[in-house]
Structures are given as C-alpha cells and as structure tokens.
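Single-structure report; data block below.
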There are 2 protein chains.
Amino acid sequence: MSSVTIYDVAAKAGVSIKTVSRVMNNEPNVRPVMRERVLAAASELGYSPNLSARSLAGSRSFVIAVFVDAALTIDHWQSERGADYLSRIQLGATLVCRDAGYHLLIELIDHEGPQVRQEVAALLAALKPDGVILTPPSSDNAVVLELLDRAGTPYVRVGPERAEGLGPRVHMDDVAAAREMTDHLIGLGHKRIGFIVGEPRYGASQARRDGYLEAMRAKGLSVPEFWVRQGDFTFQSGLEQAKALLALPERPTAIFASNDDMALGAIAAIADAGLMTPGDVSVAGFDDSPSSRFSRPQLTTVRQPVAEMSSVAAKLLIERSRGGASTERPVDELLPFTLIHRASTAPPPR
Amino acid sequence: MSSVTIYDVAAKAGVSIKTVSRVMNNEPNVRPVMRERVLAAASELGYSPNLSARSLAGSRSFVIAVFVDAALTIDHWQSERGADYLSRIQLGATLVCRDAGYHLLIELIDHEGPQVRQEVAALLAALKPDGVILTPPSSDNAVVLELLDRAGTPYVRVGPERAEGLGPRVHMDDVAAAREMTDHLIGLGHKRIGFIVGEPRYGASQARRDGYLEAMRAKGLSVPEFWVRQGDFTFQSGLEQAKALLALPERPTAIFASNDDMALGAIAAIADAGLMTPGDVSVAGFDDSPSSRFSRPQLTTVRQPVAEMSSVAAKLLIERSRGGASTERPVDELLPFTLIHRASTAPPPR
DNA sequence: ACAAGGGCTGGCAGCGCTTTCAATCGAGGA
DNA sequence: TCCTCGATTGAAAGCGCTGCCAGCCCTTGT
C-alpha cells in the first residue's frame, strides 16, 4: 500500500534524493561508492521509481503507445490476418520495451468519422507518450500524422503505403517480395500464373500485384487481365477467385494469392475441383501465417518481418526519447522478407 | 508542445481549478451553469487532463495492466493458439477501457525463474495500475497473486485453473464444454471416441479430458487407456497422436482434440491414412480458432468466450476503481461457451 | 602559490492535478 | 429574526520525482 519513495531510499543511503535520482537514471557524476550505496538501499527497500511522478516532473513518460485501427480490429479480429499481424507487432515492441524499462500502451483508434482528431489529440495530451508506433492504416492517416507532428510526439510508421516525406517509417518491400515469389514460380516452369489481389484499401495489395506484374513482364510473359482477380484477403474470396481461375479454358498452372488466407482458399478450391496441389496447380501465399504450416500441403509463402518491424520501431523511439534531439537523417528502415519454400509449389504438370 | 493545463481552462471559464477538476471528474455539487461554462472552455481549448498528474495527485491511475506470460508468448507466438487467444483478450479489454477513458498496458511477465517477484513488484510500484487482468498462467501464479494482494492492487484472474479462494475470477466451464462435445459425438452414434489431451501445464487440459471421461462414463462407454493420447496443443502433436489412434486394431470412429490446432493435425493424419473426415472418422476441436473455418472440412469445435471474459474482467476492475471499496462478495463469473457444429463431425460409418 | 576548471552533491522550485478543509451563500426551522 | 445545515466554491498543501543552479572539493596550469 504505502509504497517506498525516493525519500526512503535517500534516508537509508544517507544521501540526498537528488543523488538517488541520479543513480536511478544512470546519470554521470556519481562516485561509484555512492552509486553502490544507493543501489543497495534501493534494492533492500524494493524501491522502484513512480512512473507518474517521473513523467510529470521530467520530460519522459517511459510509455510507448501503439495505435491500432478499431474498425479493423473488430471486423477482422476473427480473421487470421488481423490477430496474427497484431500479435506480432506487439511481441516485437513489448520485448524491446520491457528490456528498456518502457511500457507498451495499446490504443484503439477510430479512423473513420470526424472524431479522430479529438480522440487522438486527447490521447496525446493525456498520455504524453515518448513515442507512438503507427500500424496500418494509422501509418498513413493524415490527421493522425498532423496531430503527432504538432504535439511534437515522435512516431514511427510501420508498413505504410505512402513513401517518404511523411515521417519515419519501417517497412518491407512488398513489390520485391511478390516479384521474387513470382520468379520462383516462373523458375519452376510455370507460364500461366494467376494472381489474387488483396483488399484494395491496403497499400500492400497494390504493391504485391505490381511485383507480380513486373516479374511476369520481365520474363516476357503476357498477363491476360482475367488472370488477375480481385479478392479481399479472406479465405472465402480466395476460394471464389481461385474457382474462377480454374474455370478458365486454359487454366493457370499456378496461383499466387496476396495473403495466406486466400491461398488456403485457393487450395480448397483446387481440391473441390478434384485437382491436386501442387501436382495440377501450385499455390503460393503471402504472410507466413500460422495456418500456412497447418495446411495440406504446407504453403509456400513470404515471411514478413512484422515483429522485427515493430521492434525496430520501438528501438528507434526509445533511443530517441533517451538521446534527446533528432540529429539524424529521416528514418527509413527497409527490412528483409524471406521466401518460405514449402510443399504447395512444384513444377507444372508437363 | 506546450499543452493546455487546468489553469488555462480555469482562467478561460473564470472559475478556480478546483471547479474545473470537479467537472472533469463528474463530481457532484457543481451548478449546471458552471459545468457548462467549464465544459465549453475545455472543449474550446482542447483540454484533456494529464494522466500522470492525475495519477500522482489522486488515487487512480486510469491504467489497466494485462499480464501475459513472456515465455509462452515467445515460444508459441507463431502458433495459432497464442496469437489468437491474446488478441481476443486484448480486444475485449481494450474496447471496454477505451469507452471508460482507461488505458490498457500490456506487460510481459517472465514466470519462470526467481526474478518474477522483483519484476512484478517493480511493475506495480512503478505503474500503480487501477487493476490487473491476469491471463494464464499468471492467473494461478502464487507469487504474482501474493504481490498483487500485498500491493492492494485489484485484479481479475481470467480462465484460471484453480478454483475459488484465490481472488476474483472470470472463466468458462471447460469440463462441461468437453462433456457436451463428447455427448454430441455419442449422440451421432459414435462409441469409439479417441481423445487428445493438451499441454499438461494448462489446467484446461485436465478439465477437458475430465469432461470427455465423464461423458463417456455417463453413457456407459468404456475408455481404454490408449484412446487418451497426450498431445501438447500443437498441430504436430495432433498429427502424431491421431496417427497412433488410427493405427489401433479397432480404430476410433471419432477423435476429439482439446484444441483446434491438434484437431487440424488429426484431420491431416486421417487424410494421410487415406481416410475421409467425417466419412470415416469424425473430428472435433476446441477453441473456434480462425483456421477452424479454413480447414476442409470445416471444424466442429467449441467457442470460448475469450473476448467476453477479458471485457468482463476489465469492467469489473474499472467499476471497482471508480466505486472505491470492495463491497461485494467474491467475484466468480462463469461465462457460457458455444458448441459450433460444422462439417467435421457426422455419424460413424455403419 | 593562486586561479581556473572539472567532478560531485545537495537545495529548491515546480510538473498538473487531487485532497482536505475552510469559506460563502441561501433556505428551512425554532 | 437568528441559527443550522447543505450545497457550492476556492485556497493551500502536497503527490514523488526531475531540472536548474549553487556550492563544495580536488586537480591542473602557470
């Protein structure tokens, strides 16, 4: 109940509270002897500085906030994608925060509607976080970015659609990833490769399609318009669009879906059509979601460095909150993806 | 940068800061006229009370912390289960917090090892959260519970193993759920029903097995020991244990796995054996994880009210932090589960 | 030997709020 | 009419810490 304060430690160590403060903050200009004595007293008393007091008195709050879209979370919280993506984001950030003595605050933001401005402003005013990690679609929300800038709160945009000039970002190269996966399929001998596009509201959807198209064209393969189908990241849409592809007179020998859920849908469609994966039709996904390993056959897919992105983001923010000013050039971290070759892709039937 | 303080609002409204404080906290004894005037001034200035200051001066921090096991998160963060469970926990709690003006803090706790005590103590001292939501295995960790009690921090245990007497809890009846699912299988005509137990460190594993055994015995069906296989909640273990079951001279006509991942493993094993689900062998799971809908056939499973549990937990904590003292009898909320009948269960082959 | 420049410590004034308690104003009761 | 009580307001005292600055000591330079 009655917790240990800095005064208690100071008294026990026989120093002033200012010295205790110095020790707790790892400031220089404290003799090792003093430091030891204070540390001993602190640990004996089980002292831990009060965050609110630190935040109120000083310029740091030791809090990193993560902005997550409310509608998205609620709509999609049952889908593989949402849950998985968010967990990974959190894992990366939480680990970094814990090690640095920071704390992670999750905030649901309602991006639709007119109250965003007020909501976010209130949040920033109340919390004064040392940094904010923006997940899509926050990463591209003009209002949010403006308020953050105006409040002077450092932030990092994770996986944003729009390019530089909008503040620090940590992302991966969706175009290259899709291109490489397409190259992989072409390398196996596929020439007729169908593509299922993701939910158009996500920038990643366009990027992945572009990568696919680039790779096809680079190899001189024509891409009839009806090979590129519009999905929405759900299993169901993958199922339907794959069915449509399979119904074509000259059906594709491979299907590349922009995420794993849709790829699983495609595998289901292939099975429903009495065909085999990858014997008759290869399937590639994107995300390396947990279920990509549970499917039969296991899915060839692209692993996104989601946890890594948020952990880099958290590190940047913490570093900055410690270091003080922004001495650096604009941050633009590009993290590597990985192609995961599993069993769902193989050479086309000859 | 320079934010709006209570003084600014007080000045603008022509009242004392105390009155502004009263209005912001919805305290009684403020004339409607004053209240209006203050509210107007506050909204014009875009004022939002500083959380740290409130927490430092007052007795509330407006922060609810969620304790999550670190090892679990890291080990299993790739598995369906971990990610899904956690997201749901967070969804429920975050929504409630947002509506109540509270904030959700995620804390990774390292339950193994000797430093738990110090780690948790430091956390509580630093944060002074108004409440803590304990997820398994925190829900049953003696050290954590003791520290929480000693610090006087209210908490709610979500889905704990051990029964009452250990503080408030919100949970579901795993035994009944497993019993009902088993009854469902028996009702379809199955008599030889194999069971795959989950990771033994989880209380839910025992509970579900017990429910299965109860149902079998209640119907007078004997359960040879080798029908009950030890898994560990992973797809792989489900696959292996199901293989073992299928290899039995008189193989079961149904397999009930204590979670969906293992159930998916069982479906894969059945397919590998050249058999059909549910034509030859029915499969039931537990969790209603996203991928339970993506499997072919779609999985019959039990939906746990995870988001509901955490949302109830958050509500209880917020209520208590507002209401003040603990006037109530020990909290013990039992939330209903739901059997989800999908395509993986059917009558046994005759 | 003396001044200048560090390294090390403590003092003190808040940070922006809530709490406690005192003060003021009316209305109802003796 | 005077007193009491409740409803309203405000003043002052911190909450536990950090930022700034003054003061001390000991080293170094000349």
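Naming convention: chains lettered A, B, ... in sequence-line order (proteins, then strands); numbering from 1 in each chain.
Applying the side chain to side chain contact (heavy atoms under 4.5 Å, CB included) criterion to A:P160, with sequence neighbours excluded, gives A:S139, A:D140, A:R157, A:R169, A:H171. Here A:R54 pairs with nothing under the salt bridge (charged side-chain N to carboxylate O under 4.0 Å, His left out) rule; sequence neighbours left out. A search for salt bridge (charged side-chain N to carboxylate O under 4.0 Å, His left out) contacts involving A:D149 returns nothing, not counting sequence neighbours. Applying the salt bridge (charged side-chain N to carboxylate O under 4.0 Å, His left out) rule to A:R117 yields the partners A:E146; only residues at least two apart in sequence or on another chain are considered.
For C:dC8, one of the phosphate oxygens OP1 or OP2 lies less than 4.0 angstrom from a side-chain nitrogen or oxygen of A:N29. B:T19 has no side-chain polar atom (N or O) that falls below the 4.0 Å cut-off from OP1 or OP2 of D:dT9.
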What nitrogen or oxygen pairs link the protein and nucleotides 18-22 of chain D at under 3.5 Å?
{"from": "D:dT18", "atom 1": "OP1", "to": "A:N25", "atom 2": "OD1", "distance (Å)": "3.4"}
{"from": "D:dT18", "atom 1": "OP1", "to": "A:N25", "atom 2": "ND2", "distance (Å)": "2.8"}
{"from": "D:dT18", "atom 1": "OP1", "to": "A:R54", "atom 2": "NH1", "distance (Å)": "3.3"}
{"from": "D:dT18", "atom 1": "OP2", "to": "A:S21", "atom 2": "OG", "distance (Å)": "2.5"}
{"from": "D:dG19", "atom 1": "N7", "to": "A:K18", "atom 2": "NZ", "distance (Å)": "2.9"}

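Distance CG (B:D8) to P (C:dC15): 12 Å, rounded to an integer number of Å. Per the geometry, CZ belonging to A:R37 stands 12 Å off C1' belonging to C:dT9, to the nearest Å.
Neither side chain, A:Y85 nor A:T135, offers a donor N or O lying under 3.5 Å from an acceptor on the other.
Under 3.5 Å, the side chain of A:Y7 and the base of D:dC15 form no donor-acceptor pair of N or O atoms.
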Would you tabulate the side-chain donor-acceptor contacts of residues 58-65 of chain A under 3.5 Å, counting partners in other chains and residues two or more places apart, or write 'none'?
{"from": "A:S61", "atom 1": "OG", "to": "A:V63", "atom 2": "N", "distance (Å)": "3.4"}
{"from": "A:S61", "atom 1": "OG", "to": "A:K128", "atom 2": "O", "distance (Å)": "2.8"}
{"from": "A:S61", "atom 1": "OG", "to": "A:D130", "atom 2": "N", "distance (Å)": "3.3"}
{"from": "A:S61", "atom 1": "OG", "to": "A:D130", "atom 2": "OD1", "distance (Å)": "3.2"}

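Toward the 5' end of DNA chain D, the nearer of the two residues B:L56 and B:G14, judged by each one's closest nucleotide, is B:G14.
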